[in-house]
Amino acid sequence: MPEFQRPRGTRDFGPEEMAKRRFVESNMRETASTFGFGEVMTPTFESTDLFIARSGEDIVNEMYAFEDKGGRNIALRPELTASVMRFYVNEMQSLPKPVKVFYFGNMFRYERPQAGRYREFFQFGAELIGAPSIEADAEVIALAMQSIKSLGMDDAVVRIGHLSILQSLFEDIGVPENQQVACRRLIDKQDYDGLKNLLAEISIDNSETLIQIIKIKGGKDAIAQAQELTSAGEDGFTYLADLLNRLEAYGFSNCTVDFGVARGLDYYTGMVFEIDAPSLGAEKQICGGGAYKLADLFGGQEVNSTGYAFGFDRIMLALENSGVEVPSQKLDAYILPIGDSARTAATEILMKLRNAGISSDMDLMGRNMSKAMKYANNIGSQKVIIIGQKELDEKSVTVRDMESGEQELVPISKILDYNFK
Ligand code: HAM
């Protein structure tokens, strides 16, 4: 029985898994770069106050927050939007607008762990700061859609809402301002009974229209359907219709609206969106984002910003579930020197291949031919290079293709001309 276990809600990743994760990460990086976004990195921990500033003291319960040896209140970042906006206010405000940044990193939340929900997890996110809101919203959603598309995930569903619609509906039925956040939280959790109960407690019994509207999802016709039920929220509905048209121009005509998107975090002010991967079941949300204002709260000038974060671990699970091939790392060549006399020549060939960017490895265990073949097969090496006395005499090596079983004698001087890829 091993003495130490991983902390609850954390994971170890082996080389095969890491190769897949790095492949997906670099694919997402590339997509963000083609959209003109540049990468940023901020500290893993921040002063706890940064996260309390918008979300209130309660957020501390959901964080890894502690006092450091100097008595400072520190929290491991639960997300990166607040850090990026702190960075923006401190150092990027004078840059030409818009500022377009993306990030990848580990986040920490004190959650109850379950499939797809961890205490340490990874996000790939983007923030667009300082552009007019509808332009920014369209560009940011388009980047999220393009990221999924280039990964080959075609069953994801994007649902877009607008908080001004919810707010108008709240005002319409008289929900006091100090209860609106609580209502949004319940809507975010799709806890409609909880919402009805809360509204009943504050003597609001005409919540039927609100509940009907937050359940509506669909394309442009869903907007008309909601507007038939209420005269409130007109600006929000018009905004969403305009946004869908813009996304169509980007080539994304499959975006849907969902007036019940309320988001769990408190800083959103306008458009909000989520993306689901239906194959994931309960924790199916792979992305969340929207328009927000944080710069002024952090001592900067007010500025429009829109962003999102993908739950990277959920993307990996979704890709696996939907059968999307993610290449794992493969070794191009495995070199088997037979006998000590072949080892020096084998080492020279090994380094020649490695220097040429051909991934290669050499037997370090003194395996015989049949065990070495089995091992090479096991680690997925494409070719095996055999070098024994006969080969040394002929200044050649035998290259065996592991898939076809074909063997070929290749002169050592021509080894780099051989097609290992
Ligand atoms: P969020 O919705 O809290 O938004 O998180 C974004 C995504 O991170 C979620 O959709 C989910 O896929 C993933 N995620 C969240 N918690 C966990 C967890 N415990 N385990 C695994 N995955 C998780 C934000 O964090 C905002 N900062 C997004 C944003 C950026 N809004 C504007 N800009």
Side-chain angles (χ1 to χ4, degrees), residues 7-11 21 24 28 32 37 40 42 46 50-51 54-55 59 62-64 75-88 99-129 133 136-137 139-141 143-144 147-148 153 156-161 163 184-185 188-189 261-295 303-319:
R8 198 165 136 72
T10 63
R11 284 148 310 143
R21 291 174 72 93
V24 172
M28 296 181 91
F37 283 68
V40 292
T42 62
E46 297 273 0
L50 177 74
F51 303 111
R54 175 70 225 176
S55 306
I59 188 89
E62 294 159 27
M63 290 195 297
Y64 279 84
L76 299 184
R77 57 190 184 193
E79 55 112 30
L80 258 169
T81 308
S83 303
V84 168
M85 291 314 287
R86 173 199 51 68
F87 183 22
Y88 168 80
V99 171
K100 298 167 85 175
V101 296
F102 74 88
Y103 49 79
F104 174 76
N106 51 350
M107 311 293 144
F108 306 84
R109 294 187 190 178
Y110 201 78
E111 309 252 27
R112 201 140 54 93
Q114 50 188 289
R117 184 171 287 274
Y118 313 100
R119 288 185 171 173
E120 183 188 30
F121 62 99
F122 292 75
Q123 282 187 345
F124 192 108
E127 313 291 342
L128 196 162
I129 308 159
S133 71
D137 290 354
E139 172 84 349
V140 163
I141 297 176
L143 171 57
S147 303
I148 310 179
M153 199 192 292
V157 180
V158 60
R159 296 175 288 107
I160 311 170
L163 293 181
R184 264 173 59 181
R185 289 249 161 88
D188 178 51
K189 294 197 177 98
V261 178
R263 307 287 296 125
L265 295 159
D266 290 332
Y267 46 63
Y268 296 103
T269 49
M271 183 281 298
V272 279
F273 76 104
E274 292 174 348
I275 304 179
D276 300 332
S279 73
L280 290 185
E283 299 300 331
K284 65 178 191 298
Q285 201 189 107
I286 54 171
C287 182
Y292 60 91
K293 293 208 165 74
L294 275 178
V303 66
N304 283 325
S305 347
T306 306
Y308 67 75
F310 277 107
F312 187 78
D313 312 271
R314 293 187 189 171
I315 294 264
M316 294 306 300
L317 290 171
L319 286 173

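Just so you know, ligand 1 is whichever comes first in the structure, and atom 1 is the first atom listed for that ligand. Along the sequence shown, the residues carry numbers beginning at 1. Model, not experiment: these values are computed from the prediction.
Using a heavy-atom distance under 4.0 Å as the criterion, the protein contacts of ligand 1 are E79, T81, Y103, R109, E111, G116, R117, Y118, F121, Q123, E127, R263, L265, Y267, Y268, Q285, I286, C287, G288, G289, Y292, G307, Y308, A309, G311, R314.
Expressed to the nearest 0.5 Å, how far OG1 of T42 lies from CZ of R77 amounts to 5.0 Å.
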Using side chain to side chain contact (heavy atoms under 4.5 Å, CB included), reason through R159 and E274 one step at a time and then give a plain yes or no. CA-CA 5 Å; R159 296 175 288 107; E274 292 174 348; 2.9 Å; yes
Begin from the C-alpha positions of R8 and R112 and carry the test side chain to side chain contact (heavy atoms under 4.5 Å, CB included) through to its verdict. CA-CA 9 Å; R8 198 165 136 72; R112 201 140 54 93; 4.2 Å; yes
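Residues F121 and F312 place their aromatic rings such that the two centres sit no closer than 6.0 Å.
Aromatic ring pairs are classed by plane angle as parallel below 30°, tilted from 30° to 60° and perpendicular above 60°; the pair F122 and F104 is parallel.
Side-chain contact annotation: E127 with Y103, donor-acceptor N/O pair under 3.5 Å present.
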